[in-house]
Amino acid sequence: VGLLLIPVLLRRSAGHPEPLIELPLFRHRSFSSSNGAVAFYSLAFTSGFLTNSLLLQRLWDQSITTTGQALVLSPIASAIVSPLSGRLADRVGHRWILAFGSLASAAGYIGYLTVLDETPQVFTAYVPISLLVGIGTGATIATWSSAGLSDIGPDQFGTANATLRTTQQVFYALGVSVVVTLLATGGGSEDLAGYRLAWTWVIVCYIAAATVIAVTFPAGSSRERTAAA
């Protein structure tokens with residue numbers, strides 16, 4: 001029903017004096033590209049984290065303490081990389097940084113898919129592989145917002161940011177719904193087959209995000225585009 005109502009939403013937004021979605025924002029190539037790519041990215045991001053948390057606790061039967069220790073390295077790596085990627089994006093543009101980060105995250109999940117099995121390998125395999133995912137997250141998680149707003153005027157920052165955040169939240173929820181279904185299809189959270197299905201889903205979504213941003217996002221930095229205009 002929600003999908004069927006999307007055309008109604010777009011039609012009202014096109015003619016309403018104070019629309020819920022300001023469609024002219026999507027005339028900015030950087031904004032429309034970021035929304036399209038971040039939809040795929042969001043399908044993968046939260047669902048991948050949930051899958052790995054369930055892997056550690058349900059399939060490998062690890063304690064909450066061990067699970068927390070295993071999950072903490074990736075956010076730390078992300079926190080280190082994120083400000084560096086932001087500065088680099090200001091200088092050279094967002095496109096290839098976001099594509100690299102999405103592919104790095106995909107590579108991490110390819111590592112999970114090909115290396116991990118029913119035998120617990122928390123600190124020998126899972127944690128080292130998660131470092132790659134953390135680097136990918138650091139290159140992307142904050143950069144999506146700056147990419148989407150890079151060509152938006154200050155008077156539209158609030159609306160543009162809210163629209164981008166809404167895209168993220170909607171697809172976070174949808175991604176979680178998909179992996180829960182995939183885990184159940186593969187035999188539940190105590191069966192490796194479900195995790196393999198979930199990891200494959202996450203890989204495909206990250207690669208799709210990298211492809212969309214690499215193909216559709218404008219080249220160069222926002223300063224360069226402004227100067228050219």
Side-chain angles (χ1 to χ4, degrees), residues 37-85 98-144 168-211:
V38 84
F40 287 109
Y41 181 90
S42 301
L43 286 172
F45 181 73
T46 306
S47 60
F49 190 85
L50 172 63
T51 301
N52 292 340
S53 178
L54 291 173
L55 170 85
L56 292 162
Q57 296 179 74
R58 299 287 184 86
L59 186 66
W60 286 356
D61 197 27
Q62 302 299 303
S63 68
I64 293 295
T65 301
T66 302
T67 299
Q69 292 170 347
L71 294 175
V72 74
L73 180 61
S74 181
I76 290 175
S78 175
I80 294 171
V81 172
S82 186
L84 302 177
S85 65
L98 288 168
F100 163 78
S102 298
L103 290 176
S105 296
Y109 280 87
I110 291 172
Y112 296 145
L113 181 63
T114 56
V115 174
L116 304 184
D117 54 28
E118 293 89 345
T119 304
Q121 306 171 67
V122 180
F123 296 104
T124 57
Y126 175 82
V127 171
I129 295 172
S130 74
L131 182 61
L132 186 58
V133 179
I135 292 172
T137 301
T140 53
I141 194 66
T143 312
W144 287 115
Q168 286 181 306
Q169 296 299 324
V170 167
F171 284 91
Y172 282 159
L174 182 57
V176 169
S177 300
V178 171
V179 297
V180 168
T181 304
L182 291 174
L183 288 169
T185 302
S189 57
E190 285 78 28
D191 193 318
L192 181 64
Y195 293 96
R196 291 190 181 280
L197 289 173
W199 287 328
T200 301
W201 159 261
V202 171
I203 292 165
V204 169
C205 290
Y206 273 132
I207 292 175
T211 302

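Residues take their numbers from the sequence shown, with the count starting at 1.
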> Can you tell which of Leu182, Leu113, Ile110 makes a side-chain contact (heavy atoms from CB on, under 4.5 Å) with Thr200?
Replying inline: Leu113

> side chain to side chain donor-acceptor pair (under 3.5 Å): which pairs involve residues 63-82, sequence neighbours left out?
Replying inline: Ser63-Thr66

> Minimum heavy-atom separation for Asp191 to Gly186, with atom names?
Replying inline: CG-O, 3.3 Å

> Do the side chain of Ser47 and the main chain of Ala44 share a donor and acceptor less than 3.5 angstrom apart?
Replying inline: yes

>> Show, in sequence, the C-alpha distance, side-chain angles and deciding distance for Leu55 and Tyr112, and conclude whether the side chain to side chain contact (heavy atoms under 4.5 Å, CB included) test is met.
In response: CA-CA 11 Å; Leu55 170 85; Tyr112 296 145; over 6 Å; no

> Roughly how far, to the nearest 0.5 Å, is the CH2 atom of Trp201 from the OG1 atom of Thr181?
Replying inline: 10.0 Å

>> Once rounded to the nearest 0.5 Å, what's the spacing between atom CZ of Phe49 and atom CG of Leu54?
In response: 10.5 Å

Enumerate donor-acceptor pairs with a distance under 3.5 Å from any side-chain N or O in residues 116-129 to protein atoms, sequence neighbours excluded.
| residue | atom | partner | partner atom | Å |
| --- | --- | --- | --- | --- |
| Asp117 | OD1 | Thr119 | N | 2.9 |
| Asp117 | OD1 | Gln121 | NE2 | 3.3 |

> How far apart are the C-alpha atoms of Leu71 and Ser130, what are their side-chain angles, what is the distance that settles it, and do they pass the side chain to side chain contact (heavy atoms under 4.5 Å, CB included) test?
Replying inline: CA-CA 8 Å; Leu71 294 175; Ser130 74; over 6 Å; no

> Going through the distances and angles, do Trp144 and Ser102 end up as a side chain to side chain contact (heavy atoms under 4.5 Å, CB included)?
Replying inline: CA-CA 11 Å; Trp144 287 115; Ser102 298; 3.9 Å; yes

>> In the structure I gave you, are the side-chain heavy atoms of Leu174 and Leu43 within less than 4.5 Å of one another anywhere?
In response: yes

>> Let me confirm one number: the OG1-CZ distance from Thr51 to Arg196, rounded to the nearest 0.5 Å.
In response: 13.5 Å

>> Just verifying a value: how many Å separate Ile64 CD1 and Gln62 CD, rounded to the nearest 0.5 Å?
In response: 11.0 Å

> What do the steps show when you test Arg58 against Tyr195 for side chain to side chain contact (heavy atoms under 4.5 Å, CB included), and what is the final call?
Replying inline: CA-CA 11 Å; Arg58 299 287 184 86; Tyr195 293 96; 3.8 Å; yes

For residues 133-143, which side-chain donor-acceptor pairs fall under 3.5 Å, sequence neighbours excluded?
| residue | atom | partner | partner atom | Å |
| --- | --- | --- | --- | --- |
| Thr137 | OG1 | Val133 | O | 2.9 |
| Thr140 | OG1 | Tyr41 | OH | 2.7 |
| Thr140 | OG1 | Gly136 | O | 2.8 |
| Thr140 | OG1 | Thr137 | O | 3.2 |
| Thr143 | OG1 | Ala139 | O | 2.9 |

> Distance from Ile207 atom CD1 to Leu103 atom CG, nearest 0.5 Å?
Replying inline: 7.0 Å

>> I want to check something: taking the side chain as every heavy atom from C-beta on, are Asn52 and Trp199 in contact at a cut-off of under 4.5 Å?
In response: yes

> Counting N and O atoms only, with roles assigned by atom type, does the side chain of Ser105 sit under 3.5 Å from a partner on the main chain of Gly101, one being a donor and the other an acceptor?
Replying inline: yes

> Distance from Tyr172 atom OH to Ser177 atom OG, nearest 0.5 Å?
Replying inline: 15.0 Å

